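Note that the coordinates shown come from a computational prediction; the quantities given were computed from them, not determined experimentally. One-based numbering along the sequence shown.
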Amino acid sequence: ESVATYEQMHYVLECGVLKIVTGVADGAAAKVYDYKVDETGGNTVDALTIEAGDNNACSDMEYSICTEFDLTWAAKEALRVSSKWFGRQRTTGTSFASLSLPTVEEILAPSITITDGGTAIGTTAFDGTLIGYNVHFVTGVIPLFTATGQIYFGTIKYVKPTCTLKMTFEHDANASTEYGKFIAQTTRLVRIKHAGTALSGSTYTTKNFWIDIAGRYTVFPPFDAQDGDNTITVELQAGYNTAADLFARLLLVNALATVP
């Protein structure tokens, strides 16, 4: 697990959600990468060679794909990312390729909106309630082992992805409203938006990382306690919403013209 940055979130998303590589220009400096999840598992993803080791030895894992990842945020902390990868095979390397330290910016505190399915996403502020969240995403990208004469997989296959959002709420009026939505099984359109430092863009004037999810609450337990305060940790399962044309979407805006 590591701190998520606007410049390095690409690798998980390119190899687990959608291969984009080149951002769409927005104004003078902003570049937009729109990773929309295909609920049917029809996206094309990238594959990377991962190098690991130290100054004594290194190993390469070729044709690596991201099979699942977690995004976790808690109040007073930066967003954190962890991921699982599957590679074709391990080979022993002699040294690392030439490396240079990138300039990165940590992804910090978000804002959140929650609206009903059938309405516009991002329009109803949900202030003062969210104190932590976790997104667990199983990408649906899997290795396919067939009779090719090799012991490693020959290709990859796309199956239906899954996405679960857990949110910890302050036990307030917003939380009570959401409990009513749970009872009614009303579709929720959730947008979690992390805005960073300024960029010279037209639509986007700051670095951004958005998580959009359509789904319904599956778990809404009695309240718990955190630091002596009443809280509730709820669970929402993503499902495709026709009106919003949304299952899940991750939007990344930075100044990188291409994925490094």
Next item on the list: For side chain to side chain contact (heavy atoms under 4.5 Å, CB included), just list the numbers for Leu71 and Ile211, CA-CA rounded to whole Å, side-chain angles, deciding distance to a tenth of an Å, and then say yes or no.
Entry: CA-CA 10 Å; Leu71 300 167; Ile211 305 169; 3.8 Å; yes
Next item on the list: Applying side chain to side chain contact (heavy atoms under 4.5 Å, CB included), run through Val234 and Tyr179 and close with a yes or a no.
Entry: CA-CA 9 Å; Val234 303; Tyr179 178 71; over 6 Å; no
Item checked: Residue pair Glu7, Lys207: steps toward the salt bridge (charged side-chain N to carboxylate O under 4.0 Å, His left out) verdict -> CA-CA 10 Å; Glu7 291 73 23; Lys207 294 181 181 180; 2.7 Å; yes
Margin query: As a quick check of understanding, evaluate salt bridge (charged side-chain N to carboxylate O under 4.0 Å, His left out) for Lys36 and Asp245, giving each step before the final call.
Written below: CA-CA 10 Å; Lys36 186 176 181 181; Asp245 186 25; 2.7 Å; yes
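Under a cut-off of 6.0 angstrom, the local environment of CZ in Phe145 is crowded, with over 12 non-hydrogen atoms contributed by other residues, nucleotides or ligands.
In the hydrophobic cluster analysis, where Ile, Leu, Val, Met, Phe, Trp and Tyr join through side-chain heavy atoms closer than 4.5 angstrom, Ile213 is grouped together with Leu130. Note on Leu250 and Val141: separate hydrophobic clusters, where clusters join Ile, Leu, Val, Met, Phe, Trp and Tyr whose side-chain heavy atoms are under 4.5 Å apart, directly or indirectly. Put simply, Met167 and Leu246 are part of two different groups of oily side chains (I, L, V, M, F, W, Y) that touch within less than 4.5 Å, one to the next. Residues Val81 and Val135 are members of one and the same hydrophobic cluster, defined by side-chain heavy-atom contacts under 4.5 angstrom among Ile, Leu, Val, Met, Phe, Trp and Tyr. In this structure, Val12 is not a member of the same hydrophobic cluster as Val253, with clusters built from ILVMFWY side-chain heavy atoms closer than 4.5 Å.
Using a 4.5 Å cut-off on side-chain heavy atoms (C-beta onward), Asp34 and Arg249 make contact. Counting heavy atoms from C-beta on, the side chains of His10 and Leu252 come closer than 4.5 Å.
How far SG of Cys15 is from CD1 of Ile65: 9.0 Å, rounded to the nearest 0.5 Å. Once rounded to the nearest 0.5 Å, the distance linking OG of Ser64 with CG of Leu48 reads 7.0 Å. Separation of atoms CZ (Phe69) and NZ (Lys84) is listed at 13.5 Å; rounding is to 0.5 Å. Interatomic distance, CD1 of Ile121 versus OG1 of Thr113, reported as 6.0 Å (0.5 Å rounding). In this structure, CG in Asn43 is found 4.5 Å from CG in Leu18, a value given to the nearest 0.5 Å. Thr162 contributes atom OG1, which lies 6.0 Å from atom NE2 of His136 (distance to the nearest 0.5 angstrom).
Considering only residues two or more places apart in sequence or on other chains, Thr186 meets the side chain to side chain contact (heavy atoms under 4.5 Å, CB included) condition with Asp116, Lys181, Ala184, Arg188.
In summary, the side chains of Asn134 and Thr72 do present a donor paired with an acceptor at a separation below 3.5 Å, with no hydrogens or angles considered. No hydrogens or angles considered: a donor-acceptor pair under 3.5 Å links the side chains of Ser59 and Arg90. For the residue pair Asp224/His171, the side-chain donor-acceptor check at 3.5 Å is not satisfied. Looking only at atom types and distance, the side chain of Gln226 has no donor-acceptor partner in the side chain of Thr168 under 3.5 Å away. At a cut-off of 3.5 Å, with distance as the only test, a side-chain donor of Asn208 or Thr206 sits close to an acceptor on the other residue. No side-chain N or O of Tyr217 forms a donor-acceptor pair with one of Glu235 less than 3.5 Å apart. Looking at Thr164 and Gln237, their side chains do bring a donor and an acceptor atom within 3.5 Å of each other. In summary, the side chains of Glu14 and Tyr35 do present a donor paired with an acceptor at a separation below 3.5 Å, with no hydrogens or angles considered.
Remark: Arg88 qualifies as a cation-pi partner of Phe153 under the 6.0 Å distance and 45° angle criteria applied to the six-membered ring.
Residue Leu236 forms a side-chain contact (heavy atoms from CB on, under 4.5 Å) with just one option from Val190, Thr218, Thr187, Ile114, and that option is Val190.
A distance below 6.0 Å separates the ring centres of Phe126 and Phe169.
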